[in-house]
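A quick write-up on the structure given underneath.
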2 protein chains.
Amino acid sequence: MRLVVADCSARYTGRLTAMLPRAKRLLVVKADGSVLLHSDGGSYKPLNWMSPPCSLSMREPDAEAAERGVTQVWTVQHTKSDDRLEIELHDVHHESAHDLGIDPGLVKDGVEAHLQELLAAQIGLLGDGHTLVRREYMTAIGPVDILARDASGATVAIEIKRRGDIDGVEQLTRYLDLLNRDPLLAPVRGVFAAQEIKPQARVLATDRGIGCLVLDYDAMRGVDDVDSRLF
Amino acid sequence: MRLVVADCSARYTGRLTAMLPRAKRLLVVKADGSVLLHSDGGSYKPLNWMSPPCSLSMREPDAEAAERGVTQVWTVQHTKSDDRLEIELHDVHHESAHDLGIDPGLVKDGVEAHLQELLAAQIGLLGDGHTLVRREYMTAIGPVDILARDASGATVAIEIKRRGDIDGVEQLTRYLDLLNRDPLLAPVRGVFAAQEIKPQARVLATDRGIGCLVLDYDAMRGVDDVDSRLF
DNA sequence: CGGTACATTTCGCCC
DNA sequence: GGGCGAAGTGTACCG
């Protein structure tokens, strides 16, 4: 990894065209040749960047650029597309290189898969008498998160989201359309389950006869005795 | 901006729980106190981070940690939530600080807004005799990108995307449902316009009687004489 | 390899 | 500030 702090301007062409006026910034060149251009604020997203696979070439400025005070010109060309990032460096305030090696990577816990696991184990949250048919029930257009039966034996399709918004309702609607064409399953009722359900999503779901269930992650995890999973 | 290259491990708790085993990485502390933890690969997204507003505190390791070779402990606490990032630093290989100042920011050109602008100006691409009613036609559930009339005077609702996939068809379908309830507009026909239309989206659109129009951005920009907008 | 769904999404707009 | 749609989204998963 190479770190450079320098006055620079940049120009990106590819999926869009973008221009970055001259300012002092951090440039990071990673081992795979990818480049990040960071300012001293904002978020984790760089102002400009080039994702791998790409190749970086550095050259001297031409006479006109040298006249403007440019000391180096970097061209980062994406290998698989026309995406290109051109950086003109002026004053270089810092430069260093570091051998980092490969990274063991991040270990995560607590996402949608876990919600699904917990709800499958606590299927009674849907109402008394509910039984689990199976998780990840495959259909032609993708897997239904949970398929269950209610006390009367009717099929229930459940879509689980961390944040429930309109897209999730649309997704469940497509599954329901398909499942209801199967005479062995029909009629299939839908339940939209999420830690948080957006008002517009709730309105759409209700309008389509889809039930809404707000999941309390902490409470569900509390019931599950395998609480301390990773840490 | 402060740059540190060090052996470190990290633990994030908040919306999820994540653990980063010990390895040599780049730590970036921005002027607003936000922290990025980068490996020497992947993409522009850090392995771990804390977004502003947040506060960073550094302290000496306790006896147990010191025993494990920890030399510094960083705690980054988000100001508005329970999100917290804890970093243990072992060997520090590089450390430097830089005053970058504020950034003038990025100037963009050529996204969906531009496609919309161009299609509004070249509404004839929909077919002879089409006329523009207006762009960003507001409805209760959001703005329709372009509303037009065809040669027969019938209303046409157009949804524009750079990449046309299923979500865009769903979005246009919702608009059409709503617009067709307005007797002053009905019957409203739909056109899904995009630089690229995914096969599945095309099938869904066709099945619903929605027309598909592939937009040639370069050709449309060529017609537009205000070609050289920014550069 | 293409398509889909997820993300500590982030970002920007408009109400 | 909340809601919603777009992103140069990136990324994993699954066919």
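Residue numbering restarts at 1 for every chain, and letters A, B, ... go by the order of the sequence lines.
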Pair [X]-[Y], side-chain donor/acceptor within less than 3.5 Å:
| X | Y | result |
| --- | --- | --- |
| B:Tyr137 | B:Asp145 | no |
| A:His38 | B:Lys30 | yes |
| A:Arg149 | A:His130 | no |
| B:Glu136 | B:Gln116 | yes |
| B:Gln195 | B:Lys161 | no |

> Any Lys/Arg nitrogen of B:Glu86 or B:Arg84 sitting under 4.0 Å from an Asp/Glu carboxylate oxygen of the other?
Replying inline: yes

> More 5' along DNA chain D: B:Gly42 or A:Ile166, using each one's nearest nucleotide?
Replying inline: A:Ile166

> How is the base pairing of DNA chain D summarised as a dot-bracket string, given the Watson-Crick and G-U wobble criteria with both distances under 3.5 Å, [ ] for crossing and | for another strand?
Replying inline: |||||||.|||||||

>> Reading DNA chain C from 5' onward, which residue's closest nucleotide shows up sooner: B:Ala201 or A:Lys80?
In response: A:Lys80

>> Among residues 49-58 of chain A, which ones have heavy-atom contacts with DNA chain D below 4.0 Å?
In response: A:Trp49, A:Met50, A:Ser51

> Closer than 4.0 Å, any side-chain N/O of B:Arg15 to the OP1 or OP2 of C:dT9?
Replying inline: yes

> According to a strict under-4.0 Å criterion, is B:Gln171 in side-chain N/O contact with OP1 or OP2 of D:dA6?
Replying inline: yes

> Which one, D:dA6, C:dT10, C:dC6, comes nearest to the side chain of A:Lys161?
Replying inline: C:dC6

>> Nearest to the side chain of B:Arg162, heavy atoms from C-beta on, is which of D:dG8, D:dT9, C:dA5?
In response: D:dT9

Please report the distance, rounded to the nearest Å, between [atom1] in [X] and [atom2] in [N].
| X | N | atom1 | atom2 | answer |
| --- | --- | --- | --- | --- |
| A:Leu37 | D:dG8 | CG | C1' | 14 Å |
| A:Asp145 | D:dC13 | CG | P | 15 Å |
| B:Lys30 | C:dT10 | NZ | P | 13 Å |

>> Taking the P atom in each of C:dT8 and C:dT4, what is the distance between them to the nearest angstrom?
In response: 22 Å

> What's the verdict on salt bridge (Lys or Arg N to Asp or Glu O under 4.0 Å) for A:Asp103 and B:Arg25, showing C-alpha distance, side-chain angles and the deciding distance?
Replying inline: CA-CA 8 Å; A:Asp103 201 282; B:Arg25 302 187 178 95; 2.6 Å; yes

>> Please evaluate residues A:Thr17 and A:Tyr12 with respect to the criterion side-chain contact (heavy atoms from CB on, under 4.5 Å), reporting the C-alpha separation (whole Å), side-chain torsions for both, the decisive distance (0.1 Å), and the verdict.
In response: CA-CA 6 Å; A:Thr17 309; A:Tyr12 163 78; over 6 Å; no

>> Tell me whether the side-chain N or O atoms of B:Asp165 pair up with the base of C:dT4 as donor and acceptor below 3.5 Å, since no angle test is needed here.
In response: no

> With stacking defined as ring centroids separated by under 5.5 Å and planes differing by under 30°, is B:Tyr44 stacked against D:dG10?
Replying inline: no

